[in-house]
Amino acid sequence: MSSENGRDPGERGEQLALIRETVRKAKAPRAKPRTWRGAALAGELPVARVLVDKGPVHLDKLWDYAVPAAMDREAQPGVRVRVRFGAGTGKVREGRREGGGLLDGYIVERIAESDYRGPLAALTQVVSPEPVLSPALLALCRAVADRYAGSLADVLQLAIPPRNAKAEAERFPAPPPPPPAVPPLASWARYPDGPAFLEALAGGGAPRAVWTALPGPHWPWELAAAVAATLASGRGALVVMPDGRSAARVDAALTELVGPGAHALLVADSGPEERYRRWLAIRRGAVRAVVGTRAAMYAPVADLGLVAIWDDGNSSHSDTHAPHPHARDVLLLRAVQEKAACLIGDLGRTVEATQLVENGWARALEAGREQVRAAAPLIRTVDDLEVARDEAARAARLPSLAWQTARAGLARGPVLVQVPRRGYVPRLACERCREPARCRHCAGPLESHGDDRPMECGWCGRDAPDWHCVACGNAGLRAQIVGARRTAEELGRAFPTVPVRTSGRDHILDTVPDRPALVVSTPGAEPVAEGGYAAALLLDGWALLGRPDLRAGEEALRRWLGAAALVRGQADGGTVAVIAEPSLRPVQALVRWDPVGHAVRELSERAELGFPPVSRMASVAGRPEDVAELLGAAGLPSGAEVLGPVPLPVTDPGRPRRPGDPPPGETWERALVRVRPGQGAALAAALKAARAARLVKREGDAVRVRIDPLDLG
């Protein structure tokens, strides 16, 4: 007897039974590994999911390894391990075997069984039983890697300092009890919402504020008072400073307010062993507060109640190592993930901080105009009256206003002279009115590469042979800088009886005494004068304003405010002379001491032109063919706009190579990708996936991708 299709019913039943058995075996739990090369494995959770410390984005995943029974106790989540990675070990995806040899890694979790069907390699070594990678730190680093199109391993290299066995063997004392109350600090009362902000911190709240600090010497103590208020609530606090000098000022203020032992100072100058010892003290809960430079943004503070950053517009807050995260963005992620308060403080105001206020994420914390006028020095510039007395004043580098201000100041104390670094490469600007020269197509900065070539845009690469200033119609351009050393020589000849001191890259002064002297400094290296400077000269202002940077105006104002804040208040005779075109917006903001108004207008204009932070941008740099291939393969978000590419300057083989520079002798190009608000995550994911695909296929050379770079040009 046969069925309708001519097949025996018994034979058909056997086939169906075989199919059912195959499906059952596929769905059945896989056997747990028990041995590896004859060695017994852990009885419970014998599989460790390991993050291998290898940076390429195509390896940005977890790898399964067997846990030998001898390592069962120490191989816990968060510890450092060493594993075999490569041919015949770990997981092998898509039939390919990567590299070989021993690599460092971190155990992320222990599981009962792996989804990998083949045999697993075993952990080679537990480097240390210290659990340095907590779930909170892992979540933060994962978010940073996604935000900046980088690999988790690269971020962990920035977040966790190298191990030091001697430091790990040390025992740390229990943390001191929280201070009983917030130390009284009268200067916070100068801000209408200042006392309420401290009360919210002390009460366990999570307020978020953008703080525009008043000029003068009080801000380190005000920042320390916010930390003390958080400690009083029984929670931890984290403050990130742009450099070691400013961190030392807050460290001293915090020690004075709450005493020693309650916080740690994390700076590079501490040395590897001491820095790791302090990091361990934080992780183990021996201290509850941290003050440090950029790397401190990852400090594993327990029960975090406050994250704070000072001078968030400082380029030092942007990491020079991949994936180039910015401390402000990392702290914002921490504030959200750990439900902590956030304080972004500065003498000025960045457009990014202004956007947080405009969209309601944070509240403005600033003083009234009466307090500003009482604290700020008198700001003078080359106005029409000065030009009437001295016709060359507008074009002179040291007009009579500068000489008069310096002479009057030296009669009362030290005088600060700020001079832009010679290394600044100024953007082209109108010779008459100093208006920056911009591209008519994308509003990018125009650049000149020689007298025989027309100007071209630094963003989209279009030529601009017939440029004329949109403000005054002039066709002339200007770009030149005089350095600090030559300025010191000129002033020394003009004031032969007054000592002249310099502070810059080679030698930075921390403080100067309260006696007549000329202190010539580059921006950011200004020493603090005891009792404040009697006067300050801000020279070559047009050079700061003419830098090849979207942030030129904001950066110039930030530099000027930083120097002017070191000068005594107007009531004490403090005077600042800024040598720049008086009609320009940053100069007027300095004269009025109104950084908030400047930032609001700057944000409004960037929104109108589609500039960051309203839009999101990515920089893609590499060999021309590699840049073109990556952008062609990337699934960019809808509406993404590609600007360029434009050639990058060839690296001089005779000078040290900086991070991000092309290899010596190679010709690289850079393209900018601009997307609408809300598409930043999609842009980062698309570029990361395209890079990973190229690395897997081993096509072409590496391409450098930076999300929201500071140096847009």
Side-chain angles (χ1 to χ4, degrees), residues 53-61 94 96 98-99 144-158 318-326 329 442 444 457-461 550 612 615-653 657-675 679-713:
D53 193 4
K54 196 167 184 177
V57 292
H58 69 299
L59 300 179
D60 191 15
K61 61 184 74 173
E94 301 174 352
R96 303 195 55 151
E98 304 286 349
V144 172
D146 292 342
R147 166 72 170 76
Y148 287 95
S151 71
L152 181 55
D154 280 342
V155 179
L156 286 176
Q157 286 184 350
L158 306 177
S318 181
D319 208 307
T320 57
H321 299 90
H324 313 286
H326 194 286
D329 295 330
C442 70
C457 176
W459 286 8
C460 67
L550 173 66
S615 66
R616 296 287 299 279
M617 273 194 175
S619 169
V620 181
R623 296 190 312 172
E625 59 272 23
D626 294 322
V627 171
E629 290 174 5
L630 185 138
L631 291 177
L636 299 176
S638 62
E641 182 182 7
V642 179
L643 304 175
V646 297
L648 292 175
V650 178
T651 303
D652 183 1
R657 185 183 175 192
R658 298 171 299 184
D661 282 349
E666 285 196 15
T667 301
W668 274 24
E669 289 185 346
R670 183 191 71 173
L672 296 175
V673 184
R674 178 165 58 185
V675 297
Q679 293 183 318
L683 173 63
L687 293 176
K688 180 177 179 178
R691 289 179 62 205
R694 284 173 51 83
L695 288 171
V696 169
K697 297 176 183 178
R698 290 181 170 86
E699 294 178 348
D701 290 342
V703 178
R704 190 183 77 219
V705 174
R706 292 195 64 174
I707 303 296
D708 294 336
L710 291 179
D711 53 343
L712 281 174

Trainee: Quick one: CG on Asp319 to CG on Asp154, what's the gap to the nearest 0.5 Å?
Mentor: 10.5 Å

Trainee: If I take atom OG1 from residue Thr320 and atom CG from residue Leu158, how far apart are they, to the nearest 0.5 angstrom?
Mentor: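 With rounding to 0.5 Å, OG1 (Thr320) is 8.5 Å from CG (Leu158).
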
Trainee: Would a distance-only check, ignoring hydrogens and angles, find a side-chain to backbone donor-acceptor pair under 3.5 Å from Tyr148 to Asp708?
Mentor: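 No; zero donor-acceptor contacts below 3.5 Å.
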
Trainee: Got a second to check how far Leu687's CG is from Ser619's OG, nearest 0.5 Å?
Mentor: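 Spacing of CG (Leu687) from OG (Ser619) equals 10.0 Å.
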
Trainee: Could you tell me which non-hydrogen atom of Val627 sits nearest to which non-hydrogen atom of Glu669, and how far apart they are?
Mentor: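 Nearest heavy atoms, Val627 then Glu669: CG2-O, 3.8 Å.
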
Trainee: Could you give the distance from CZ (Arg706) to CZ (Arg670), rounded to the nearest 0.5 Å?
Mentor: 10.5 Å

Trainee: In Å, rounded to the nearest 0.5 Å, how long is the span from OG of Ser151 to CD of Gln157?
Mentor: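 Result: 7.5 Å between the selected atoms.
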
Trainee: Less than 4.5 Å apart, side chain to side chain, heavy atoms only: is that true for Leu152 and Asp146?
Mentor: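 No, their side chains stay 4.5 Å or more apart.
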
Trainee: side-chain contact (heavy atoms from CB on, under 4.5 Å) for Leu156 and Asp53? Distances and angles first, verdict last.
Mentor: CA-CA 8 Å; Leu156 286 176; Asp53 193 4; 5.7 Å; no

Trainee: Taking C-beta and beyond as the side chain, do Lys688 and Pro323 meet within less than 4.5 Å on heavy atoms?
Mentor: no

Trainee: Which heavy atom of Val642 sits nearest to which heavy atom of Ala671, and what is that distance?
Mentor: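 The pair with the smallest heavy-atom distance is CG1-CB, 4.3 Å.
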
Trainee: Hey, are the side chains of Val703 and Val620 touching, using non-hydrogen atoms and a 4.5 Å cut-off?
Mentor: yes

Trainee: Please find the pair of heavy atoms, one from Leu683 and one from Arg616, that lie closest to each other, and give the distance.
Mentor: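 Shortest heavy-atom contact: CD2-O, 4.4 Å.
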
Trainee: First locate atom CD of Gln679, then atom CZ of Arg674, and finally report the distance between them rounded to the nearest 0.5 Å.
Mentor: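 So the gap between those two atoms works out to 12.5 Å.
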
Trainee: Looking only at non-hydrogen atoms, find the nearest pair between Arg691 and Ala149 and report the distance.
Mentor: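 In this case the closest contact between Arg691 and Ala149 is NH1-O, 3.4 Å.
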
Trainee: Taking all non-hydrogen atoms of both residues into account, name the closest pair between Ala634 and Ala686 and its distance.
Mentor: CB-O, 4.1 Å

Trainee: Do Arg147 and Val144 have side chains that get closer than 4.5 Å, going by heavy atoms?
Mentor: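 Counting from C-beta outward, Arg147 and Val144 never come under 4.5 Å.
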
